[in-house]
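Notes to accompany the following structure.
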Amino acid sequence: DIAIKPTISSPTATSITTGGATLGATVTSLGNPASITARGVCYSTTIDPSLVNGATCVPATLAQTLTPYTISATGLSSNTTYYYRGYATNSTGTGYSASGVTFTTLAANAPPTVAFPTATSITTSGATLGATVTSLGNPASITTRGICYGTTNNPGLGGLNGGTCIVDGGTSIGAFSQLVSGLSPNTTYYYRGYATNSTGTGYSASDVTFTTSVVPQSVLSIIVTPSEGGKVISITDSQINCNPTCSGIYDSGSSVTIQAVPKSIYWRFSSWGGACASVQIGLCVVSVSGSNQTVTVLFVPRLFNFNEF
């Protein structure tokens with residue numbers, strides 16, 4: 001008699017999950033001699049898995065019948081393609097089903113991935129913050145995306161680490177940005193892009209920061225003439241209490257209210273000069289610009305009408 005290996009056909013892969021599958025085949029001939037000592041399935045990430053090349057081989061229940069059989073393959077990697085072959089062995093040798101047959105495990109559930117955070121158009125109180133959704137995750141559908149920022153590392157949704165979050169409104173892969181306002185000047189903020197699917201929320205990298213601009217400041221100088229005539233005070237800032245001169249440093253865009261106060265009834269306010277030159281009364285509101293400013297005040301002796309006494 002001629003010695004013949006068993007023949008195997010009809011490989012099957014069912015019940016595929018992220019980490020396993022049910023694999024099978026059918027012994028179509030027991031070969032010669034017509035008695036098999038083992039049958040099962042070999043699988044690997046390389047083609048032609050077998051009992052002798054390092055593949056994982058799982059034996060099935062032994063039976064001397066020409067019927068389908070299955071085994072359970074476990075511990076697989078998600079979203080991975082595997083080659084597999086059924087096998088059967090008799091005293092002549094081992095026969096395998098056809099080569100090149102594959103199955104792919106399911107992708108594991110995963111949150112979206114977000115990368116490439118950006119901070120542009122930075123001012124004293126705002127910035128345009130952005131990021132890019134690079135993967136929708138699994139399932140591949142995001143419900144929201146946006147930006148979280150704060151003065152503590154890893155700001156996140158729900159006030160995580162003191163974060164404030166702005167929803168972008170998009171639900172696709174790609175870049176997005178949002179204008180953030182109401183920030184404090186000269187302050188370092190952490191920020192992260194985020195995207196959420198039914199699995200969870202993914203964020204861009206931590207430790208990414210930007211710093212808001214410093215508010216420009218300027219000097220307001222006040223000169224009182226003559227010094228014996230009076231002084232200038234401010235009802236908004238104690239730095240201003242001038243005779244004959246004083247000055248204060250102020251943020252651009254702020255305002256300072258100053259008042260000319262005669263020394264006695266023998267003096268009266270006459271006029272302002274400089275930044276208050278257009279004001280005709282002894283009270284002036286100075287709007288602080290980005291450059292230094294000077295205000296002068298003139299007091300003159302009061303001329304009495306003796307009929308007043």
Side-chain angles (χ1 to χ4, degrees), residues 118-130 146-152 155 162-168 177-191 208-304:
T118 59
T120 59
S121 303
I122 300 170
T123 67
T124 58
S125 60
T128 298
L129 306 180
I147 293 289
C148 295
Y149 63 94
T151 54
T152 303
T164 298
C165 299
I166 299 178
V167 175
D168 171 71
S177 63
Q178 281 292 310
L179 176 64
V180 174
S181 59
L183 306 181
S184 299
N186 194 29
T187 301
T188 296
Y189 288 88
Y190 295 86
Y191 71 105
V208 181
T209 64
F210 69 97
T211 301
T212 49
S213 303
V214 176
V215 175
Q217 293 185 315
S218 58
V219 177
L220 173 62
S221 299
I222 298 175
I223 302 172
V224 177
T225 305
S227 59
E228 63 268 24
K231 65 179 180 178
V232 172
I233 63 172
S234 172
I235 62 175
T236 58
D237 185 5
S238 59
Q239 293 182 90
I240 304 299
N241 191 342
C242 308
N243 183 302
T245 63
C246 67
S247 62
I249 300 175
Y250 302 95
D251 292 341
S252 178
S254 62
S255 62
V256 184
T257 301
I258 57 176
Q259 182 177 4
V261 181
K263 186 175 183 179
S264 68
I265 62 171
Y266 299 104
W267 293 89
R268 66 177 178 83
F269 164 78
S270 175
S271 62
W272 296 104
C276 291
S278 62
V279 179
Q280 304 299 314
I281 61 174
L283 193 68
C284 176
V285 179
V286 181
S287 296
V288 180
S289 64
S291 58
N292 296 337
Q293 295 171 284
T294 299
V295 173
T296 61
V297 61
L298 176 64
F299 293 101
V300 295
R302 179 184 292 274
L303 299 177
F304 290 100

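The model shown is predicted, which means the values in this text are computed figures rather than measured ones.
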Exercise for review: Would you please test Phe210 and Leu129 for side chain to side chain contact (heavy atoms under 4.5 Å, CB included) and show each step?
Suggested key: CA-CA 10 Å; Phe210 69 97; Leu129 306 180; 3.6 Å; yes
Check your understanding: Taking it one step at a time, do Thr188 and Thr211 satisfy side-chain hydrogen bond (donor to acceptor under 3.5 Å, both in side chains)?
Key -> CA-CA 4 Å; Thr188 296; Thr211 301; 2.9 Å; yes
Review point. After noting the C-alpha distance and the side-chain angles of Ile122 and Tyr189, does the key distance pass the side chain to side chain contact (heavy atoms under 4.5 Å, CB included) rule?
Key: CA-CA 11 Å; Ile122 300 170; Tyr189 288 88; over 6 Å; no
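Distance CG/Leu220 to CG/Asp237: 9.5 Å, rounded to 0.5 Å. For the atom pair CZ of Arg268 and CG of Leu298, the computed distance is 9.0 Å after rounding to the nearest 0.5 Å. Expressed to the nearest 0.5 Å, how far OG of Ser271 lies from CD1 of Ile281 amounts to 13.5 Å. In this structure, the separation between OG on Ser278 and CH2 on Trp272 is 11.5 Å, given to the nearest 0.5 Å. If you take CG on Asp168 and OG on Ser177, they are separated by 7.5 Å, rounding to the nearest 0.5 Å.
For Ser254 (side chain) and Ser252 (main-chain N/O), no donor-acceptor pair under 3.5 Å exists by modelled atom type. A donor-acceptor pair under 3.5 Å is formed between the side chain of Arg302 and the backbone N or O of Ile265. In this structure, Asn243 contributes its side chain and Glu228 its backbone to no donor-acceptor pair below 3.5 Å.
The closest side-chain heavy-atom distance from Thr296 to Thr225 is not below 4.5 Å. When side chains are defined from C-beta on, Ile166 counts as touching Tyr149, because their heavy atoms get closer than 4.5 Å. Tyr191 has its side chain out of reach of Val180: every pair of non-hydrogen atoms, C-beta onward, lies at least 4.5 Å apart. Two residues are said to be in side-chain contact when any heavy atoms from C-beta on lie closer than 4.5 Å; Cys276 and Val286 meet this criterion. Phe299 is not listed as a side-chain neighbour of Ser270, based on a closest heavy-atom distance of 4.5 Å or more. Here the side chains of Thr124 and Thr212 are not in contact, with every heavy-atom distance at 4.5 Å or above.
Counting heavy atoms of neighbouring residues, nucleotides and ligands inside a 6.0 Å radius, atom CG of Leu283 exceeds 12 of them.
Of the candidates Ile222, Ile233, Val295, Ile240 forms a side-chain contact (heavy atoms from CB on, under 4.5 Å) with just one, namely Ile222.
When all heavy atoms of Lys231 and Cys242 are compared, the pair lying nearest together is CB-O, 2.9 Å. Shortest non-hydrogen contact noted between Val288 and Gln293 is CA-OE1, 3.5 Å.
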